[in-house]
Amino acid sequence: MIDINNLKFDSKGLIPAIIQDYISKEVLMLGYMNRESLALTLETKKTWFYSRSRQKLWNKGETSGNFHLVKVIKYDCDNDTLLVEVNSVGPTCHTGENSCFYSTIYEEEIKDTKLLNIFDLIYERILKRKKKPKEGSYTNYLFDEGIDKILKKLGEEASEVIIAAKNDNKEEIIYEISDLMYHLIVLLAEKNISFNAIRGELYKRYKK
């Protein structure tokens with residue numbers, strides 16, 4: 001713990017605050033706080049910032065409803081940067097993206113797929129299909145047909161997993177579970193439920 005007064009604010013009375021998802025550790029945004037907004041963040045357990053362009057305090061989610069529920073606030077070794085871990089209610093970026101850092105300048109090619117969070121990648125791809133439909137896309141076909149079609153496919157895929165398991169064919173089981181997982185992710189996107197919500201629920205169970 002540290003007294004706010006022991007933090008090093010810059011000449012304008014501001015300190016950068018990196019906002020990070022509490023469960024996934026994804027960096028969501030970078031904002032600036034002054035003493036007042038930091039005090040409000042500590043008091044309300046929701047993120048408050050100081051807008052350098054508007055020169056006023058603002059509460060993340062005050063207009064969109066996409067609040068940050070604060071779980072942890074850390075500071076770096078120089079006392080001049082904050083790391084705020086949050087549970088995000090809805091997307092952080094005003095564009096509708098989960099994180100403000102969705103544009104890439106450089107990314108090293110990763111050949112080992114085990115290093116990729118494939119479920120998040122598929123979820124992001126499905127969300128993009130939902131927002132920007134692509135002709136001939138099976139995902140868009142499911143969205144167009146609606147929830148009844150999605151649920152029907154889930155039932156079919158679950159049955160196929162059961163059959164594969166009864167056949168005791170490992171490759172078949174892997175294939176059918178992959179189909180089932182894909183349709184589950186489509187359901188999450190259809191209902192606007194993020195993977196972080198699922199992670200949070202599983203984490204609560206893990207702690208029991």
Side-chain angles (χ1 to χ4, degrees), residues 16-33 37 40-41 44-73 82-107 110 116-151 153-154 181-204:
I18 301 165
I19 310 303
Q20 182 181 50
D21 187 274
Y22 180 60
I23 302 297
S24 70
K25 304 307 179 186
E26 179 183 19
V27 175
L28 302 177
M29 63 171 284
L30 171 67
Y32 288 84
M33 296 182 178
S37 63
L40 282 169
T41 297
T44 65
K45 304 300 186 294
K46 295 180 180 179
T47 52
W48 285 77
F49 302 95
Y50 182 82
S51 171
R52 294 172 297 169
S53 58
R54 292 177 292 164
Q55 296 190 343
K56 60 180 291 189
L57 297 175
W58 65 283
N59 175 212
K60 178 70 180 76
E62 60 188 343
T63 56
S64 66
N66 299 330
F67 293 100
H68 287 154
L69 307 180
V70 177
K71 306 299 291 183
V72 180
I73 300 179
L82 299 177
L83 177 64
V84 185
E85 298 185 29
V86 303
N87 280 338
S88 183
V89 180
T92 289
C93 186
H94 71 281
T95 64
E97 296 287 343
N98 189 56
S99 167
C100 292
F101 296 95
Y102 60 88
S103 299
T104 303
I105 294 176
Y106 168 77
E107 183 174 5
I110 301 176
L116 294 174
N117 193 333
I118 191 63
F119 293 125
D120 285 308
L121 292 176
I122 292 174
Y123 183 72
E124 290 173 8
R125 175 69 62 83
I126 289 172
L127 281 181
K128 287 180 180 178
R129 287 286 186 268
K130 186 179 181 183
K131 295 174 185 176
K132 297 180 180 179
K134 181 179 179 181
E135 186 176 354
S137 165
Y138 175 68
T139 301
N140 285 128
Y141 163 74
L142 291 175
F143 286 134
D144 290 341
E145 291 294 310
I147 187 63
D148 287 343
K149 183 64 175 180
I150 294 171
L151 295 178
K153 288 300 297 182
L154 274 174
M181 289 299 300
Y182 161 78
H183 287 89
L184 281 171
I185 297 171
V186 171
L187 177 62
L188 289 177
E190 172 68 16
K191 293 299 184 180
N192 296 312
I193 299 173
S194 71
F195 254 115
N196 289 336
I198 304 301
R199 287 190 182 98
E201 177 62 27
L202 291 173
Y203 185 68
K204 285 190 291 185

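Counting begins at 1 with the first residue of the sequence.
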What verdict does the side-chain contact (heavy atoms from CB on, under 4.5 Å) test give for Phe67 and Val86, after you've listed the backbone C-alpha separation in whole Å, the side-chain angles of each residue and the deciding distance to 0.1 Å? CA-CA 9 Å; Phe67 293 100; Val86 303; over 6 Å; no

Could you work out, with side chain to side chain contact (heavy atoms under 4.5 Å, CB included) as the rule, every residue matching Leu151, not counting sequence neighbours? Ile147, Leu154, Leu187

Residue list, side chain to side chain contact (heavy atoms under 4.5 Å, CB included) with Ile185, at least two apart or on another chain: Phe119, Ile122, Tyr123, Ile126, Phe195

In Å and rounded to the nearest 0.5 Å, what is the [atom1] to [atom2] distance from [X] to [Y]?
{"X": "Arg199", "Y": "Tyr22", "atom1": "CZ", "atom2": "OH", "result": "14.5 Å"}
{"X": "Leu82", "Y": "Met33", "atom1": "CG", "atom2": "CE", "result": "6.5 Å"}
{"X": "Arg125", "Y": "Ile118", "atom1": "CZ", "atom2": "CD1", "result": "9.0 Å"}
{"X": "His183", "Y": "Thr139", "atom1": "NE2", "atom2": "OG1", "result": "8.0 Å"}
{"X": "Thr41", "Y": "Asn59", "atom1": "OG1", "atom2": "CG", "result": "8.0 Å"}
{"X": "Leu83", "Y": "Ile73", "atom1": "CG", "atom2": "CD1", "result": "10.0 Å"}

Side-chain donor/acceptor of [X] to backbone N/O of [Y], under 3.5 Å:
{"X": "Ser99", "Y": "Tyr102", "value": "no"}
{"X": "Gln20", "Y": "Lys25", "value": "yes"}
{"X": "Lys46", "Y": "Gly61", "value": "no"}
{"X": "Lys60", "Y": "Thr92", "value": "yes"}
{"X": "Asp21", "Y": "Val27", "value": "no"}

Provide the closest heavy-atom pair for [X] versus [Y] in the form atom of the first, atom of the second, distance.
{"X": "Arg52", "Y": "Gln55", "answer": "O-CG, 3.6 Å"}
{"X": "Asn140", "Y": "Lys130", "answer": "ND2-N, 4.2 Å"}
{"X": "Ala17", "Y": "Phe49", "answer": "CB-CE2, 4.5 Å"}
{"X": "Met29", "Y": "Cys100", "answer": "CB-SG, 3.8 Å"}
{"X": "Gly90", "Y": "Asn66", "answer": "CA-OD1, 3.7 Å"}
{"X": "Leu142", "Y": "Tyr182", "answer": "CD1-OH, 3.9 Å"}

Within the 4.5 Å heavy-atom criterion, are [X] and [Y] side-chain neighbours or not?
{"X": "Leu57", "Y": "Tyr50", "answer": "yes"}
{"X": "Leu30", "Y": "Pro16", "answer": "yes"}
{"X": "Ser194", "Y": "Asn98", "answer": "no"}

With sequence neighbours left out, write down each residue that passes salt bridge (charged side-chain N to carboxylate O under 4.0 Å, His left out) with [X], or none if nothing qualifies.
{"X": "Lys191", "result": "none"}
{"X": "Glu97", "result": "none"}
{"X": "Arg129", "result": "none"}
{"X": "Lys153", "result": "Glu156, Glu157"}

Just checking Lys56: does its NZ atom have more than 12 heavy atoms from other residues, nucleotides or ligands closer to it than 6.0 angstrom? no

